[in-house]
Each structure stands twice: as structure tokens, then as C-alpha cells.
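Okay, structure first, notes after.
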Protein chains: 2
Amino acid sequence: MARFKPVKQFRVSEEVAEQIKKSILQGTFRAGDRLPSERDLTEEFQVSRMAIREALRSLEKSGFIVTRQGVNGGAYVTDLTSEHLVNAYMDLFLAEKISIPDLYQVRLVVEPEVARLAANNLNEGYKKRLLEALEQEDLPVQDFYEDNDRKTAVHFILAEMSRNYFFEALVRSLIALTRRVIEEVRAENKFIHPAGMHRPVVEAILTGDGEAAYEAMKKHVKEFGENLIKLEKAYYQKKITSLSS
Amino acid sequence: MARFKPVKQFRVSEEVAEQIKKSILQGTFRAGDRLPSERDLTEEFQVSRMAIREALRSLEKSGFIVTRQGVNGGAYVTDLTSEHLVNAYMDLFLAEKISIPDLYQVRLVVEPEVARLAANNLNEGYKKRLLEALEQEDLPVQDFYEDNDRKTAVHFILAEMSRNYFFEALVRSLIALTRRVIEEVRAENKFIHPAGMHRPVVEAILTGDGEAAYEAMKKHVKEFGENLIKLEKAYYQKKITSLSS
DNA sequence: TTATGTAAAACATTATACCATTAATCTGAT
DNA sequence: ATCAGATTAATGGTATAATGTTTTACATAA
């Protein structure tokens, strides 16, 4: 009966990445700190520079560090964001594991709840930001992408107002996927995003009435989502022609 | 104004990774296929083996390929799973961006909805699997981790039954984080997971009544979540002592 | 038939050299 | 004294080659 444990083989680079990651999570290195240079790490870990580099690439890919070239360059510890989580969702979406109706179904559950929490956490600062975002939404702009930025701003503010980072990261992912669909087909924003679309939602939030906010958001997501699903066919026709990371 | 686009500097390895990823998403390579060997890719891309390796590590890290050593080894395309998404959530959790109350709040919203969908998609196959899982839940076992496996099985089946991969990936993430908390403190499962805890949920699902399933799951998550939050302090004491990838 | 040894394919790692980028420093003219 | 431009040094980026390690398939002998 299993007298010996199998000799587990780690890749050298993984062992290195593991140790560095642990240091970061333990607080030995904090956001903004610079890790030792690749050459110095080579000596500390007693492995080749290649192994160090692979480890750093791995940490970079999971969002723990960024690297810069040049004097005073190196690997800098970052404050972990939801960006890489969003990328993971994006990959599943691009691989067609997640469909547009899936996306819509989740938004319909998550975003009203986020709106409710946001209404409950309302304060003057948030109020000001929401009104500003709403005001800027319907200003005429040239650039398609900038327009999308403005149309999504309200959702991000509400996500932040939920004071729940899981929800915030989730909303960021949902909006990123939605936005991809729109940008893929370059949908006319007038159609998909009629002027003033978010006004009822914001107004409900501003009353501080969670239930009203919930309902207003639900109505918004429903309307928007139905338009979005109509675009599904157009999306699948143009898909794959240009893929982002 | 902007007449010229800036000459964007990609790392060679990123350019390579991008091209391979695009091939996979376009279906040039399918799950199970083997990519050319590193040396062959070196010739195709006309870059060093280093660059190829970094690209492959990157793709491996995002879950698109696995690599094996030896004869007939190489980089094999995989069917993308939610595993790496779960890792991204785990990192945010370990970095204390996501708290246990955050986690609970999201579960309370997501899982009842998943239960509702599951009830609506009920069929004989699912029925059988649910009953089996329920039966195995309270069998006495030696191993702590195996016990946790059994206690989470019902949630995974329901997630699958939702027939929405976004929800499924989300539930997998939520359960993984929850499980981490439990395993970190090695909570007595009798306390946190009383025998028969999932029975009311499964029974509601089996009636096919979405609304009943919704309510039953809500009640379950609430009870369980309250116990979980009581463990929060214990969790933060033992944290960081052992970090997984 | 069944071990056991051997070879080959492929990734894993190391080592070394050189290239490219960047911030700081120096230098000199105004 | 100040500012522009050149120089320098640190650091990551890339390339190449050699060697180590793992795994499978196959041959060989008991």
C-alpha cells in the first residue's frame, strides 16, 4: 500500500513563480515595489535566467507584475485588478463556450442586484459622478469607441457603488463581453443605445430606493438585451475576422 | 490629425502567441490536435526557440494548450474550461480584493437563479445524477477533501443543468472560493455542512418547480453562508500559510 | 509471453552573447 | 545658470547552441 509518495515534478519556472507569488501575497513585496533584476534573481534562485523569465512572464500574465525595459526597468508589483479575470471570460466567449443569450441571462440577474446595492450605498460623491456620466452620455462624438466608453460609464460606477469587488469584477466582465459584440458588428449606437437610455436607472438610484433601482435596471437590461440578441446573427457572420487578446 | 499610427511594439513571443491563439479559435487546430514541435515552430515563425517557448507557456497559462514531454509529446490543444477563470477569481480572493461577505452576497443572488433554471431543465438523466449525489453526501468517509468533493457535487450538477456556461463557470468559481475558506480552517464539516443539508434543495428541483427551487436554494445559501461568515476570523488567522496556484 | 534494455523524439534547462530601450548623467554652447 | 543633446550604464529582449530529462516505441532475450 502506497509506501512512497510519487516524486512530484515541478517545472523550475513554476517553482520560482510560486515563491515570488507567495512573497507578493504575503506582503514582502507590495504594489509599486520593484522585484530584483532578472540577473539578480538568477543568483538568488540559482537557476538560469530563462527560468526566471518564464516565471516572470507567468506572473505578468496573471496580473501580479508589469515589466519595463531600460534603466530602472524591471518587474514592478502591481495592484491586482479584474483585468485578467475579464480576459478569462473573454477567452471563453471567443471559444464560443459562452453565448450571447447566456450573457444576457446573467446580466439580467446580476445588474439589477448591483443597482439595488448601489442605491443603498448612495452618497454625494457617487451622486455627482453619476450625473456627470449621464450628462456626457448623449453628447455627440466622432469616435465609435469613445462613444461606447461613455455609454458604459454608468454601469461601471454602479458596480463600484455596490462595494462588492466580486460584483464589480463580474459587471466589468459582462460589460466587456457585451461591448465586444457591439464593436464586432459596429452596431449603430442609436439603435442599440437610444439617447437617454440610462436616465431612468440613474434617477431611480438617486432616490436611494433599492427596490426601485432594481426594477429600473431590470427593465433597462431587458430592453437592451433584446436588441442585443437581434444582433446575434450579424455577430456570428463577422466573427473571427479579427481577434483580440 | 493623427496621420500615423504609433509603431506598436509587441514582444515577439506575444505576436507568436497571438497567431497561434487565433489559429485555435478559428478552428485550424482543434481540441486534441498537436501543434508542431518547438523546433518546427521556430522555423515557421522565424524566431528563436525562446520566443516560441514563452508563447506556448502563455497559451498554457490561459488554458488553450497543455504540453507533454517525451516521444509524441508536444503542445496539445485542449478544450477550454473554466479552470483558469476560477484561478483568476482565486487570485483576487487571495489578494484580499474579494471578501467572504462579498462571496456570500454573490452566491445568494446567483445560486437561487441557477436552481430555478436547473428545475426548468430537469430530465431523467439529471434526476438520476442528483439523487446519486445526494445519497453519497452523507456516507462516512475518512478523507477531508473527498468529503468536500461530495458536499459540493450537487452545486456542480445544478450549475450544469442551468445550460448556461457563464453561470456554470461562475458557480464553479464561487464554490472553489468557498471551499478554500473551509479547507483553510479545516472546518468541521458536521458544523458547516450538517447532514442532509442539500436534500430540500434537490427535492424542490425534482418537482420541476422553478420558483420552489429558487426559494429552497436561497434558504440553503443563507443558512450555509451565515455559518461561513462566522468562520471568517479563523480564516484570516490561518491564511497565507500555504498558498496554492 | 514477459521483462528488460535501448534508441529516438520532444520538451526542459543552462549558458552565453548580443541587441534594444530607457533614465540618469554629463557636456557644452548659449 | 540653463537647456539641448550626447553618452553611459542598467535592464529587459532575443538569439543560438549545447546538454539534460522524460516518455514512448521497439527490439531483444529469458
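When reading the values below, keep in mind they use all heavy atoms of this one structure, side chains included, and skip hydrogens, waters and symmetry mates. Proteins get letters first, then strands, A, B, ... in listed order; numbering begins at 1 in each.
The nearest pair of heavy atoms linking B/Glu44 to B/Pro36 is OE2-CG, 3.8 Å. Contact detail for B/Glu137 and B/Val154: the closest heavy-atom pair is OE2-CG2, 3.5 Å.
The CD-C1' distance, from A/Glu43 to C/dA15, rounds to 14 Å in whole Å.
By the 4.5 Å heavy-atom criterion applied to side chains, A/Lys127 and A/Leu130 are not counted as neighbours. B/Phe167 places a side-chain heavy atom less than 4.5 Å from the side chain of A/Val106. Side-chain atoms of A/Phe29 and A/Ile20, non-hydrogen and from C-beta on, never get closer than 4.5 Å to each other.
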Reading nucleotides 7-15 of chain D 5' to 3', which nucleotides get B (base under 4.0 Å from a protein heavy atom), which S (sugar-phosphate only), which -?
--BBBBBBB

